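Within every chain, numbering begins at 1; the chains are lettered A, B, ... in the order of the sequence lines, protein sequences first and strands thereafter. Please read these numbers as outputs of a predicted model, since none were measured by experiment.
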There are 2 protein chains.
Amino acid sequence: MTKQDTALTLAPRLAEKIRDMLIAGRLKPGQRLSEASLSSDLDVSRNSLREAFRLLTTEGLLRHEPNRGVFVSTPSMASIIDIYRVRRLIECRALEQAYPQHPAVARMRASVEKALECREASDWVGVGSANMAFHAAIVDLADSARLSAFYGQIAAELRLSFGLLEDPEFLHAPYVDMNAAILAQLEEGKTSEAAAALESYLSRSERTVLAAFSRLGH
Amino acid sequence: MTKQDTALTLAPRLAEKIRDMLIAGRLKPGQRLSEASLSSDLDVSRNSLREAFRLLTTEGLLRHEPNRGVFVSTPSMASIIDIYRVRRLIECRALEQAYPQHPAVARMRASVEKALECREASDWVGVGSANMAFHAAIVDLADSARLSAFYGQIAAELRLSFGLLEDPEFLHAPYVDMNAAILAQLEEGKTSEAAAALESYLSRSERTVLAAFSRLGH
DNA sequence: AAAAATAAATCGTTGAACAATCTTGACAGA
DNA sequence: TCTGTCAAGATTGTTCAACGATTTATTTTT
């Protein structure tokens, strides 16, 4: 347990807890979150919960309808397309302009190895997490705290979408080797090739996700 | 007056009001915002004010130190560099992959014309606003709501930095013609050239801002 | 003058309250 | 049966008052 419960103030801790519940699928898209019941469930006051709601709303995980309450965001085709558009723009460019000695490269390598391990153990959720970490590391190549924070948000949104989809093996496993290949190209200094590979990687991933998404009758 | 005061809920309206005060320079960087006094000044409750603080904190305009209060963010060299890094990555790519018939192009043109008018009238604040609108329109070329929202945030942060700097003429006037040139290139379909021009534009602007910034101490 | 102890101010969080708004369901009329 | 009205109930929006915890300022002690 890496607990520092008292380090942060309550609202961000609450937000994190709710975020976890969202990604774990314990709160389902479209579901309304009642201030009264959730605040008593989490054992906090309504005011504190509302502060947390504000945070999650700006992150796009919750949707606020005045006088009606907050709802878990429902991923849509539109949001998936939007997110992949952002990913292609940011990740590919970050990769293209990267230099192979960047510290984030170590994190990329660690993520690839983690993903390989998890695949070996058929731990598909672990593969998924490792993949996400790989891409976050790519964004870190751009050396911008703001960009990395922004990417963290849309990654969380994407995980919300993934929560709807079944068969995480089909969803994540194929990309482990591609990640390894991209990493290898980067380490050789072939950043343009790496970026191109990532571009087609992301397009393929987008198609897969959209197809799986449409398959469940939006 | 384009007032719809009752449309939104209180916290976002408060946030907007405070944002305006920040950009107008009525609240100075580093200044501490007391919950008690500000809430009575704005005639709202402490709780509502705290919700607004959360919003502005995630936007980077305010900084929250637990048990000490919230402070107006102090722009630093580091933050300016970070922001320009993001701008180069996002704006240049958005421009490069744009197609000249995109609706946002009309907004770009309107901004250029507005800037020309304001320059004629020596309204340098107006020139600055028009410039900002021009660049926001560039980002809109990428057709991503999330990307545009993110850009809006860092633009607000940048305006906070500009507030520190004097001589808005020096800061904004030189770029009006460059914007016009970039727009012309885009309309001719020369997106790569336009992107290259924007890249050097942004680098020059960054240098200017950094220089002006270092000139006023720390 | 430095350190320790004390007091004052401010934030963090809670619970209760009430107005405004939305939802529900009964009911009357066509 | 369908439709529109209207009151009752539930939920959010916002405020207020309170109190423990932490920080800041002040005073006392060494």
Side-chain angles (χ1 to χ4, degrees), chain A residues 2-22 26-74, chain B residues 2-22 26-74:
Chain A
T2 69
K3 284 252 171 85
Q4 278 212 39
D5 259 12
T6 80
L8 264 51
T9 189
L10 181 55
R13 272 183 291 152
L14 269 180
E16 169 123 14
K17 189 176 295 190
I18 297 174
R19 211 180 285 119
D20 288 346
M21 293 199 282
L22 286 170
R26 299 214 284 131
L27 302 174
K28 287 165 195 169
Q31 177 182 348
R32 171 162 152 274
L33 301 183
S34 151
E35 294 186 356
S37 70
L38 189 55
S39 69
S40 84
D41 281 0
L42 298 176
D43 215 55
V44 297
S45 77
R46 247 180 88 209
N47 287 326
S48 299
L49 182 60
R50 282 173 64 91
E51 287 187 28
F53 279 173
R54 293 285 178 206
L55 296 177
L56 294 166
T57 298
T58 66
E59 291 174 21
L61 295 177
L62 260 37
R63 177 172 35 94
H64 184 148
E65 298 185 13
N67 284 311
R68 305 206 357 144
V70 306
F71 302 78
V72 179
S73 303
T74 17
Chain B
T2 69
K3 285 252 169 82
Q4 276 215 37
D5 259 12
T6 79
L8 263 52
T9 187
L10 181 54
R13 272 182 292 152
L14 268 180
E16 169 123 15
K17 190 177 293 190
I18 297 174
R19 211 180 286 119
D20 288 347
M21 293 200 280
L22 287 170
R26 300 213 285 133
L27 301 174
K28 287 165 194 167
Q31 177 181 348
R32 170 161 152 274
L33 300 184
S34 152
E35 294 186 354
S37 70
L38 189 55
S39 68
S40 84
D41 280 1
L42 298 177
D43 215 56
V44 297
S45 78
R46 247 181 89 210
N47 288 330
S48 299
L49 183 59
R50 282 174 63 90
E51 288 186 27
F53 278 173
R54 294 285 178 206
L55 296 177
L56 294 166
T57 298
T58 65
E59 291 175 21
L61 295 177
L62 261 36
R63 176 173 33 94
H64 184 150
E65 298 186 14
N67 284 311
R68 303 203 356 132
V70 305
F71 302 78
V72 179
S73 305
T74 24

Just by distance, with hydrogens left out, do A:Ser40 and A:Ser37 show a side-chain donor and acceptor under 3.5 Å apart?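 There is no such pair (donor and acceptor under 3.5 Å, judged by atom type) between the side chains of A:Ser40 and A:Ser37.
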query: Which sits closer to the 5' end of DNA chain C, A:Arg68 or A:Asn47, going by the nucleotide each is nearest to?
result: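 The residue closer to the strand's 5' end, by nearest nucleotide, is A:Asn47.
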Give a yes/no on whether any side-chain N or O of [X] is located under 4.0 angstrom from OP1 or OP2 of [N].
{"X": "B:Arg50", "N": "C:dC11", "answer": "no"}
{"X": "B:Arg13", "N": "D:dT14", "answer": "yes"}
{"X": "B:Thr9", "N": "D:dT12", "answer": "no"}

Without decimals, in angstroms, what is the distance between [X] [atom1] and [N] [atom2]?
{"X": "A:Leu10", "N": "C:dT13", "atom1": "CG", "atom2": "P", "result": "5 Å"}
{"X": "B:Leu33", "N": "C:dT10", "atom1": "CG", "atom2": "C1'", "result": "14 Å"}
{"X": "A:Leu49", "N": "C:dT13", "atom1": "CG", "atom2": "P", "result": "13 Å"}
{"X": "B:Phe71", "N": "D:dT23", "atom1": "CZ", "atom2": "P", "result": "12 Å"}
{"X": "B:His64", "N": "C:dT10", "atom1": "NE2", "atom2": "P", "result": "16 Å"}
{"X": "B:Leu8", "N": "D:dT12", "atom1": "CG", "atom2": "C1'", "result": "15 Å"}
{"X": "A:Glu35", "N": "D:dA10", "atom1": "CD", "atom2": "C1'", "result": "13 Å"}
{"X": "B:Asp43", "N": "D:dC16", "atom1": "CG", "atom2": "C1'", "result": "13 Å"}

query: Is it true that a side-chain atom of A:Thr9 and a backbone atom of A:Ala11 form a donor plus acceptor pair closer than 3.5 Å?
result: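 The answer is no, because no donor-acceptor pair under 3.5 Å joins these two groups.
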**Asked** Can you check whether B:Ser48's main-chain N or O pairs, donor with acceptor, with B:Glu51's side chain at less than 3.5 Å?
**Response**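 Looks like no, no N/O pair under 3.5 Å.
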So how far is it from B:Thr58 OG1 to A:Arg54 CZ, rounded to the nearest 0.5 Å?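 Reported value, rounded in 0.5 Å steps: 11.0 Å.
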Counting heavy atoms from C-beta on, name the nucleotide in [options] closest to the side chain of [X].
{"X": "B:Asn67", "options": "C:dT21, D:dT22, D:dC16", "result": "D:dT22"}
{"X": "A:Arg32", "options": "C:dT13, D:dT15, D:dT12", "result": "D:dT12"}
{"X": "B:Ser48", "options": "C:dT13, C:dC22, D:dT15", "result": "D:dT15"}

* **Donor-acceptor pair under 3.5 Å, B:Arg46 side chain vs C:dG12 base** =>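 In this structure, the two groups form a donor-acceptor pair.
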Original post:
What's the shortest heavy-atom distance between A:Val72 and A:Leu62, and which atoms?
Top reply: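 Scanning both residues, the minimum pair turns out to be CA-CD1, 4.2 Å.
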